[in-house]
Protein chains: 2
Amino acid sequence: MEAVLTAAVALLDEAGQSALTFRALASRLGTGVGTIYWYVSNKDELFDRATDHAVGGILTAVEELQESDDPIADLRAMAVVLFDAMMDRPWLAAYFMRNTDVQGHSLRLYDKLGRQTLRLDLTPRQRFHAVSAITGVVVGTAADLGAELPQELLDGDVDRVEYLSRYAETWRSLDAADFPFVHEIADEFAEHDDREQFLAALDLTLAGLRLQAGPRAPKDNATKSDPTANGSRPTP
Amino acid sequence: MEAVLTAAVALLDEAGQSALTFRALASRLGTGVGTIYWYVSNKDELFDRATDHAVGGILTAVEELQESDDPIADLRAMAVVLFDAMMDRPWLAAYFMRNTDVQGHSLRLYDKLGRQTLRLDLTPRQRFHAVSAITGVVVGTAADLGAELPQELLDGDVDRVEYLSRYAETWRSLDAADFPFVHEIADEFAEHDDREQFLAALDLTLAGLRLQAGPRAPKDNATKSDPTANGSRPTP
DNA sequence: ACCTGAACACCGTTCAAGT
DNA sequence: ACCTGAACACCGTTCAAGT
């Protein structure tokens, strides 16, 4: 079992999603395809277990983080670790946190994140939504990366900067009156850095969360929280 | 071409991602598989074009929205329209905004969204990041929905509430000391509504954006913006 | 309990051949 | 210019048969 998962992860690392087939996995393990079906009941489960196997490593990295006195800063640090792991392994995003029945490490990681929200002045529902929002930003951005790479880039015919600037070129050539925004950010797009983009999205979410969590200054635990300003908020 | 795309969208609507095959599409159109390859060079492009075809409808819905004096409220309204369309068609999220070469409607929609950020006191880069963050929330949450449905649900063996409460049951049975957060939100999860969860995530992002856009009160255009507090922010 | 691999049904894609 | 469908290489999954 252990061997099956490490081999599966290796295949995914080497050549991405499409490289993980029962046949490829079997031949790497030196066995028949049927063998794998003894450990795993279908391909979805294979992906789930391979993903969780990789999440194991992320979990230990997250557990090594020092807890600060600012829960939101801690959430940020964890999200960054998670995102960086997904940049290394773009295939991770697709199956991350699906089916926690099988994904024990993922559930632990989810709890690790959520525990920080317990330190904030929020309702259970707000906590649930906050963690979902944060994992959503991580997975959403990372899933884009996994899908973003077209053939040309993987084949090495074109490098990333050329690819992006060709896009920007097309965008600049559009009618500025018709596409004012696309025109405005064409240059930004050409030079954009995925990690920076992720951090920007994450920080918007965290800023919103900080606002929601109440008036206490970020790292100031001396001030008692204002009971009139607890987290409850009318549903939009 | 038009007929190919409407047939493709119909297949996707009826039975999801996996139902769109060249053979199924050909037989629905009463032709051979080869015919489709004359209109489209591979399956990715087929998905891209089918997605953009559907986005056409979303675009007109978005264009019918009235512009208010609050750009952030307008962004919110557009995001909600987009999300609702994706709840109707969970297959949309997977290919949305990939390859705007082929997706003319998507590019227009992207510009529509971005135009609202032009009304905010932000740098081009912040505008670019803001729109990416917002579409990320929409697509990220919607992609979850598309993937979330396991076999049991599609087969109708189990309905949604039973499925969720079975999960919650498992979560409650975990050691509360080991999984304090999962324990805390088990009930929330059992009753969670996807749309509400989306709105919560969106509102966190928008709250962050409002903060970033400067000190002006949301709907107050009388106050001159404070030049010392423009949107620039040190990169984290 | 664990392994094997031929067999089945189904893909995307190509291409020589047609109108 | 547009259509056709057999053929190819490759999937996931099953299962009778082995140890």
Side-chain angles (χ1 to χ4, degrees), chain A residues 1-53 91 94-95 98-99 101-102 146-147 149-155 157, chain B residues 1-53 91 94-95 98-99 101-102 146-147 149-155 157:
Chain A
M1 180 74 232
E2 184 62 24
V4 172
L5 295 184
T6 38
V9 169
L11 278 172
L12 288 165
D13 281 341
E14 285 163 21
Q17 289 241 30
S18 60
L20 181 52
T21 68
F22 280 87
R23 280 170 177 79
L25 188 54
S27 91
R28 176 179 274 255
L29 291 166
T31 61
V33 274
T35 308
I36 300 162
Y37 277 92
W38 194 88
Y39 294 98
V40 125
S41 62
N42 56 43
K43 200 176 183 185
D44 258 1
E45 193 187 321
L46 176 62
F47 264 106
D48 274 332
R49 298 204 117 100
T51 300
D52 200 56
H53 190 75
W91 52 269
Y95 277 79
R98 282 175 37 135
N99 197 352
D101 275 347
V102 169
L149 316 156
Q151 229 75 325
E152 304 173 290
L153 279 181
L154 292 175
D155 295 349
D157 294 349
Chain B
M1 179 75 232
E2 184 62 23
V4 172
L5 294 184
T6 38
V9 169
L11 279 172
L12 288 165
D13 281 341
E14 285 162 23
Q17 288 239 32
S18 60
L20 181 52
T21 66
F22 279 88
R23 281 170 177 79
L25 188 53
S27 91
R28 176 179 272 255
L29 291 166
T31 59
V33 275
T35 308
I36 300 162
Y37 277 93
W38 192 89
Y39 293 99
V40 124
S41 61
N42 55 44
K43 201 177 182 185
D44 258 1
E45 193 187 321
L46 177 62
F47 264 107
D48 275 332
R49 298 203 117 100
T51 300
D52 200 57
H53 191 74
W91 52 269
Y95 278 78
R98 283 173 37 134
N99 198 352
D101 276 346
V102 168
L149 317 157
Q151 230 74 324
E152 305 173 288
L153 279 180
L154 291 175
D155 295 350
D157 296 349

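Proteins get letters first, then strands, A, B, ... in listed order; numbering begins at 1 in each. What you see below is based on every heavy atom in this structure, not just the backbone, and it leaves out hydrogens, waters and symmetry mates. Since this is a predicted model, take the numbers as computed values, not measurements.
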S.K.: Grab the CG-P distance between N42(B) and dA9(D) for me, whole Å please.
M.R.: 20 Å
S.K.: With side chains defined as the heavy atoms from C-beta onward, is the minimum distance between F47(B) and W91(B) less than 4.5 Å?
M.R.: no
S.K.: Round to the nearest Å and state the distance from I36(B) atom CD1 to dC2(D) atom C1'.
M.R.: 14 Å
S.K.: Could you tell me whether the side chain of E14(A) reaches within less than 4.5 Å of the side chain of R28(A), counting heavy atoms only?
M.R.: yes
S.K.: Evaluate the side-chain proximity of D44(A) to R98(A): yes if any heavy-atom separation is below 4.5 Å, no if none is.
M.R.: yes
S.K.: I need the OH-P distance between Y37(B) and dA17(C), as an integer number of Å.
M.R.: 21 Å
S.K.: Is Y39(B) near enough to dC3(D) that one of its side-chain N or O atoms lies under 4.0 angstrom from OP1 or OP2?
M.R.: yes
S.K.: When you compare the side chain of D52(B) with that of Y95(B), does any pair of heavy atoms fall below 4.5 Å?
M.R.: no
S.K.: Considering only the C1' atoms, how many Å lie between dA9(D) and dC10(C), rounded to the nearest integer?
M.R.: 13 Å
S.K.: Could you tell me how far apart F47(A) (CZ) and dT13(D) (P) are, to the nearest whole angstrom?
M.R.: 11 Å
S.K.: Can you tell me the pairing partner of dG5(C) across any strand shown, Watson-Crick or G-U wobble, with both distances under 3.5 angstrom?
M.R.: dC15(D)
S.K.: Write down the distance between CH2 (W38(B)) and C1' (dA17(C)), rounded to a whole number of angstrom.
M.R.: 18 Å
S.K.: Specify the separation, in whole Å, of atom CG of L29(A) and atom P of dC3(C).
M.R.: 10 Å
S.K.: Kindly indicate whether the side chain of R49(B), heavy atoms from C-beta on, has any atom under 4.5 Å from the side chain of V4(B).
M.R.: no
S.K.: On DNA chain C, does the nearest nucleotide to R23(A) precede the nearest nucleotide to G30(A) from the 5' side, or the other way round? Give the residue.
M.R.: G30(A)
S.K.: Compare the minimum distances between each of dC11(C), dA6(C), dC11(D) and the side chain of T21(A), then state the nucleotide with the smallest one.
M.R.: dC11(D)
S.K.: Considering only the C1' atoms, how many Å lie between dC2(C) and dA17(D), rounded to the nearest integer?
M.R.: 13 Å
S.K.: Select from L20(A) and G34(A) the residue whose nearest nucleotide in DNA chain D is closer to the 5' end of that strand.
M.R.: L20(A)
S.K.: How long is the line joining CZ of F22(B) and P of dC11(C), in whole Å?
M.R.: 12 Å
S.K.: In whole angstrom, what separates K43(B)'s NZ from dG12(C)'s P?
M.R.: 4 Å
S.K.: For dT4(D), does OP1 or OP2 lie under 4.0 Å from any side-chain N or O of T35(B)?
M.R.: yes
